Amino acid sequence: MPTILGQNQYGKAENRVVKITRDGATHHIKDLNVSVALSGDLSDVHLTGSNANCLPTDTTKNTVFAFAKEYGIESAEQFGIHLARHFVTSQEPIKRARIRIEEYAWERIASSDANSKFIGADEVNHSFARKGQETRVTQITYDGEKWEVISGLKDLVVMNSTNSEFWGYIKDQYTTLQEAYDRILATQVSGRWRFNWTDDDQRMPNWERSYEQTRKHMLEAFAETYSYSLQQTLYQMATRIINHRSEIDEVRFSLPNKHHFLVDLEPFGLKNDNEVYYAADRMYGLIEATVLRDGATAQIPVDMTNL
């Protein structure tokens, strides 16, 4: 039976690169996990075994590390743009490059005055602790003409201990959930936002400031929204981003509802006045939605599992 080769791509996945920038005695860390996927005129490598148009995946790996030295890592987005441009413009068979990057944040460890003096250092600026569970992510796609940059974060756990209710919902013969007028609202944020920067003639965003400010507005909206549902909170978080960041046209969130249930303390003769909860990790409600700037078209995949 005849077959036809469909979409295909290849590259080196999960290249872990750590770049230390030494500013005198003060050091700065960029810690990335970089995945490269290339596509183009690559039919022969599948159909005949000819590698004439195939840039080895080992070469793509080497390029990641060489570029960390040659260009430095100003931001995950800028680093991905350098890589994507290089692969498409330097290799004629390659027509499209997709660079996915996870960035792991580190925070500086502050030393006490006493210990600094004891070890003979006036100030310690080279020690870090891995920062929380949050991971910054970005995906850069380039076809030689147009750019698509989708950035975001995952595994950021947030909680409001009050100012959240949930009531007035549909009730049928299978409904057992009690209405709540003062509950904990917690979620593990997975969010992506798409930039409207698409070609080199446009002014490029300040990627580091954009991430910092987008995260700030998202968290402020979470904290300041009196919530009647996680859906309402999600919409406010995304809307706050679009209203404050002109470089972003689309936001998508996937928010699991990390349920906290009041523990029944009456068997012990105790009243639980919204103080003691059981934190359940499974099962959970999963709330997902895309919010767009008026006139924009949705491009972030509905399933963000691999984004």
Side-chain angles (χ1 to χ4, degrees), residues 5-19 30-47 50-104 135-154 192-205 207-208 210-211 247-250 252 297 299-301 303-307:
L5 177 66
Q7 192 279 337
N8 61 90
Q9 61 192 35
Y10 79 105
K12 189 74 82 176
E14 301 202 41
N15 301 281
R16 284 300 307 276
V17 54
V18 176
K19 175 66 167 64
K30 282 291 188 180
D31 184 353
L32 307 182
N33 188 24
V34 182
S35 293
V36 177
L38 308 177
S39 55
D41 296 333
L42 300 167
S43 297
D44 284 350
V45 70
H46 293 272
L47 302 179
S50 170
N51 294 319
N53 287 349
C54 183
L55 182 72
T57 64
D58 189 68
T59 303
T60 68
K61 176 261 294 180
N62 292 342
T63 306
V64 169
F65 291 108
F67 272 38
K69 169 62 178 177
E70 186 174 356
Y71 294 104
I73 303 176
E74 177 185 319
S75 67
E77 289 85 355
Q78 188 65 62
F79 189 62
I81 288 167
H82 280 310
L83 288 169
R85 190 191 305 277
H86 167 77
F87 289 125
V88 171
T89 59
S90 68
Q91 302 298 326
E92 197 277 331
I94 303 302
K95 306 302 183 185
R96 183 176 183 269
R98 187 197 69 202
I99 312 296
R100 286 178 173 167
I101 300 177
E102 297 177 336
E103 178 176 347
Y104 310 114
T135 301
R136 177 177 170 179
V137 297
T138 191
Q139 174 178 288
I140 295 94
T141 305
Y142 182 54
D143 64 3
E145 295 182 0
K146 293 295 184 181
W147 296 93
E148 181 186 73
V149 180
I150 299 173
S151 296
L153 54 78
K154 61 182 180 179
R192 305 292 186 273
W193 40 89
R194 179 175 56 81
F195 293 90
N196 49 40
W197 179 80
T198 58
D199 64 65
D200 289 320
D201 291 333
Q202 294 175 268
R203 182 178 178 181
M204 189 180 295
W207 305 111
E208 292 293 273
S210 180
Y211 180 81
E247 72 273 22
I248 293 170
D249 277 356
E250 178 184 5
R252 182 165 181 82
T297 302
Q299 297 180 35
I300 299 175
D303 183 357
M304 300 190 301
T305 304
N306 295 314
L307 181 61

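Just so it is clear, the structure is predicted and the values come from calculations on it, not from any experiment.
Considering CE of Met304 and CD of Gln139, their distance stands at 12.0 Å, rounded to 0.5 Å. Rounding to the nearest 0.5 Å places OG of Ser90 at 12.0 Å from CZ of Arg85. Separation of atoms CG (Leu38) and CD1 (Ile99) is listed at 6.5 Å; rounding is to 0.5 Å. One finds the CZ atom of Arg96 at 5.0 Å from the OG1 atom of Thr141 (value rounded to the nearest 0.5 Å). Between atom CZ of residue Arg136 and atom CG of residue Leu32 there is a gap of 9.0 Å, rounded to the nearest 0.5 Å. Here OG1 of Thr59 is found 8.5 Å from CZ of Phe87. Values are rounded to the nearest 0.5 Å.
The two atoms that bring Glu77 and Ser151 nearest to each other are OE2-OG, 2.6 Å, heavy atoms only. Taking all atoms of both residues into account, the shortest heavy-atom contact from Ala68 to Val17 is CB-CG2, 3.8 Å. The two residues Asp143 and Val88 make their nearest non-hydrogen contact at C-CG1, 4.2 Å. The two residues Gly11 and Thr60 make their nearest non-hydrogen contact at C-OG1, 4.4 Å. Heavy atoms only, all atoms of each residue included: Ser39 and Gln9 are closest at CB-CB, 4.2 Å.
For the pair Tyr10 and Val45, the minimum side-chain heavy-atom distance is 4.5 Å or more. For the pair Gln78/Glu208, no side-chain contact is recorded, criterion being any heavy-atom separation below 4.5 Å from C-beta on. Phe79 has its side chain out of reach of Trp207: every pair of non-hydrogen atoms, C-beta onward, lies at least 4.5 Å apart. Asp41 has its side chain within reach of Lys95: a pair of non-hydrogen atoms, C-beta onward, lies under 4.5 Å apart. Side-chain atoms of Trp193 and Val149, non-hydrogen and from C-beta on, never get closer than 4.5 Å to each other. Using a 4.5 Å heavy-atom threshold, the side chains of Thr138 and Glu103 count as separate.
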**Request:** Would you sort out whether Glu148 and Arg192 count as a salt bridge (charged side-chain N to carboxylate O under 4.0 Å, His left out), showing the intermediate values?
**Result:** CA-CA 13 Å; Glu148 181 186 73; Arg192 305 292 186 273; over 6 Å; no

**Asked** What do the steps show when you test Lys12 against Val64 for side chain to side chain contact (heavy atoms under 4.5 Å, CB included), and what is the final call?
**Response** CA-CA 10 Å; Lys12 189 74 82 176; Val64 169; over 6 Å; no

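With sequence neighbours excluded, the residues that form a salt bridge (Lys or Arg N to Asp or Glu O under 4.0 Å) with Arg194 are Glu250. A search for side chain to side chain donor-acceptor pair (under 3.5 Å) contacts involving Asn15 returns nothing, not counting sequence neighbours. Residues that satisfy the salt bridge (Lys or Arg N to Asp or Glu O under 4.0 Å) test with Asp199, not counting sequence neighbours, are Lys146. Take Glu70 and apply the side chain to side chain donor-acceptor pair (under 3.5 Å) test, not counting sequence neighbours, and it matches no residue. With sequence neighbours excluded, the residues forming a ring-ring contact (aromatic ring centres under 6.0 Å, His included) with Phe67 are Tyr71, His86, listed by chain and number. Residues that satisfy the salt bridge (Lys or Arg N to Asp or Glu O under 4.0 Å) test with Glu247, not counting sequence neighbours, are Arg245.
Two rings, from Trp147 and Phe195, have their centers 6.0 Å or more apart.
Checking side-chain atoms of Arg100 against main-chain N and O of Asn306 turns up a donor-acceptor pair under 3.5 Å.
A salt bridge is absent between Glu102 and Arg16: the closest approach of a Lys/Arg side-chain nitrogen to an acidic carboxylate oxygen does not fall below 4.0 angstrom.
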